[in-house]
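To start, the structure itself, in structure tokens.
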Amino acid sequence: MRIIVTGGAGFIGANFLRLMVPRYPQHHFYNLDKLTYAANLLSLQDIESCPNYSFHRVDLAESDAVTALLQQINPDQVVHFAAESHVDRSILGPADFIQSNVVGTFNLLEACRAIWTVSTGKLFHHISTDEVFGSLGPAGYFIETSRYAPSSPYSASKAASDHLVNAYGKTYGLPIKISNCSNNFGPYQFPEKLIPLMILNALEGKPLPVYGDGRNVRDWLYVTDHCEAVWLIMERGRLGETYNIGGFGERENNEVVRLICREVAAQTGRAAGELEALVTYVTDRPGHDRRYAIDSRKLQTELGWRPRESFESGLRRTVRWYMGNRTWVDMVRSGEYRQWITRNYDQRPGGH
Ligand code: NAD
Ligand code: DAU
């Protein structure tokens, strides 16, 4: 199969490609990415010379470019990870989120509709988030049919894209599937997100900024468990269906930060208390959702998916990864990864 992976230079997309490209040499994976600040081609160095992998720089918000590229590739499947993904950035500047997440998804759907005259063997798998459901009270879980109630410009843009994907399935018969996943963590995550930010700040002895009272709850899933679930749904999930992905891994932010301090302390020989003293409570995020918790029983019973990592085992791996990959970390922290992209990508003939 020819499989387009959008956003493959981002955190989850890169983890997905790193798993699937070597595992399925019979398929060709086309990574379509704009290379925003969140993209990092260093994360793909191990697979960039695989014969069944290619990279194509494109902004999904540019419809002509998307149409031309999809006509050229003529994919069997599209798995759509690309998005602006950080809630705080969406509060400071929502415009990019509308362009990439709403217009970008629309352009991709239109391009698929144009080339897929027969839907047999085709699939558009849309990657979404539990944030579209808004905030939970102290009890209960999001299920696939929970009401959409997004709070941030980010989650509103993801909700809009989910609705478009569903509408293209119902109206045009486009072969679609959607998955809504909880918070991911693991290697190659850009250190603006809670877990890598806290790990690196703890390692560097910098303040650990916790929003509000730190009692907000997120449901954490190790990134490769998400990737495996997506592949399983692509292979065996039912067309037109939505699947929630999550490992029943709820944690309060205060607890997450405490566990990170303990893990960093254990792996560096420092005192956990010293690191915990770096916690600094800061002004809360506007519209900060209080609690997310996902019920993934549909995925578990229908397709037999189970997460391999617990929160603790995933955190141990993640701390070890950030400590052991100083080049990646230093290039991201210094901004040099952008120059690396310019040197290694922009100057290649043809741009690929
Ligand atoms: P990320 O920000 O790390 O990566 C996003 C990638 O998309 C980047 O490589 C970026 O360059 C690319 N991109 C952005 N706009 C683009 C455009 N207009 N055209 C082409 N490429 C573009 O994001 P992530 O954390 O890997 O998230 C991937 C997907 O998973 C997103 O759709 C996100 O909503 C969803 N998701 C994320 C989480 C999480 O915890 N990170 C949880 C559930 C769902
Ligand atoms: O639930 C899935 C979503 O998880 C994805 O759709 C998003 O793309 C992804 O960014 C993530 O969103 P969150 O807003 O939950 O993740 P973030 O890492 O930004 O924040 C996690 C929690 O930690 C949240 O309650 C805010 C808090 N926080 C975050 C940062 C960056 C802090 O207290 N301090 C911080 O510095």
Side-chain angles (χ1 to χ4, degrees), residues 5-16 31-41 43-44 56-62 65-66 79-91 96-97 99-105 107-108 126-133 135 142 150-152 154-155 157-158 161-162 179-186 188-198 201 207-221 223 226-227 230 245-246 251-254 256-257 279-285 287-294 341:
V5 179
T6 73
F11 162 51
I12 306 174
N15 274 285
F16 183 84
N31 177 6
L32 270 53
D33 201 297
K34 176 183 173 181
L35 298 183
T36 69
Y37 79 94
N40 194 337
L41 291 176
S43 310
L44 294 163
H56 307 262
R57 189 179 200 175
V58 67
D59 181 350
L60 296 179
E62 291 179 5
V66 174
V79 51
H80 179 34
F81 289 95
E84 288 291 340
S85 70
H86 194 46
V87 173
D88 295 330
R89 285 181 190 257
S90 82
I91 296 167
D96 285 349
F97 289 70
Q99 283 307 313
S100 290
N101 302 2
V102 185
V103 178
T105 303
N107 288 339
L108 206 53
H126 180 59
I127 303 296
S128 194
T129 167
D130 59 1
E131 296 206 18
V132 297
F133 301 121
S135 192
F142 298 130
S151 305
S152 69
Y154 161 69
S155 49
S157 70
K158 290 298 290 186
S161 66
D162 290 13
S179 51
N180 294 79
C181 189
S182 60
N183 283 63
N184 285 215
F185 69 108
Y188 304 104
Q189 188 168 30
F190 193 79
E192 62 185 350
K193 306 276 164 53
L194 180 75
I195 289 187
L197 178 75
M198 295 294 166
N201 281 12
L208 308 177
V210 175
Y211 298 164
D213 62 5
R215 303 214 45 204
N216 303 68
V217 173
R218 294 292 180 267
D219 187 348
W220 294 98
L221 185 69
V223 61
H226 181 190
C227 296
V230 168
I245 307 176
R251 294 281 184 292
E252 208 175 75
N253 290 342
N254 284 321
V256 169
V257 176
V279 169
T280 311
Y281 288 92
V282 299
T283 309
D284 208 354
R285 171 187 281 175
H288 196 177
D289 287 332
R290 195 63 170 166
R291 175 171 169 260
Y292 302 148
I294 213 150
I341 284 174

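We count ligands from 1, going down the list as the structure has it; atoms in each ligand are counted the same way.
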Taking the side chain as every heavy atom from C-beta outward, state whether Tyr281 and Asn254 have any pair of such atoms under 4.5 Å apart.
yes
Is there a side-chain contact between Lys34 and Val58 (heavy atoms, below 4.5 Å)?
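SC-SC contact between Lys34 and Val58 ruled out.
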Please report the interatomic distance CG(Leu208) to CG(Leu197), rounded to the nearest 0.5 Å.
8.0 Å
With rounding to the nearest 0.5 Å, note down the distance linking CD in Glu131 to OG in Ser90.
8.5 Å
Check whether any side-chain N or O of Asn15 sits under 3.5 Å from a backbone N or O of Val223 as a donor-acceptor pair, and report yes or no.
no
Lys/Arg N to Asp/Glu carboxylate O, [X] vs [Y], below 4.0 Å:
| X | Y | result |
| --- | --- | --- |
| Arg218 | Asp130 | no |
| Glu192 | Arg89 | yes |
| Arg57 | Asp33 | no |

Collect the protein residues that have a non-hydrogen atom under 4.0 Å from ligand 1 and hand them over in chain and number order.
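Ligand 1 is contacted, at a heavy-atom distance under 4.0 Å, by Gly7, Ala9, Gly10, Phe11, Ile12, Asp33, Lys34, Leu35, Thr36, Ala38, Ala39, Val58, Asp59, Leu60, Phe81, Ala82, Ala83, Ser85, Ser100, Ile127, Ser128, Thr129, Tyr154, Lys158, Cys181, Ser182, Asn183, Asn184.
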Show me, by chain and number, every protein residue that has a heavy-atom distance under 4.0 Å to ligand 2.
Ser85, His86, Val87, Thr129, Asp130, Glu131, Tyr154, Ser182, Asn183, Glu192, Lys193, Leu194, Leu197, Pro209, Val210, Tyr211, Asn216, Arg218, Asn253, Arg285, His288, Tyr292
Can you say whether the rings of Tyr292 and Phe142 are parallel (under 30°), tilted (30 to 60°) or perpendicular (over 60°)?
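If you compare the ring of Tyr292 with that of Phe142, the planes turn out tilted.
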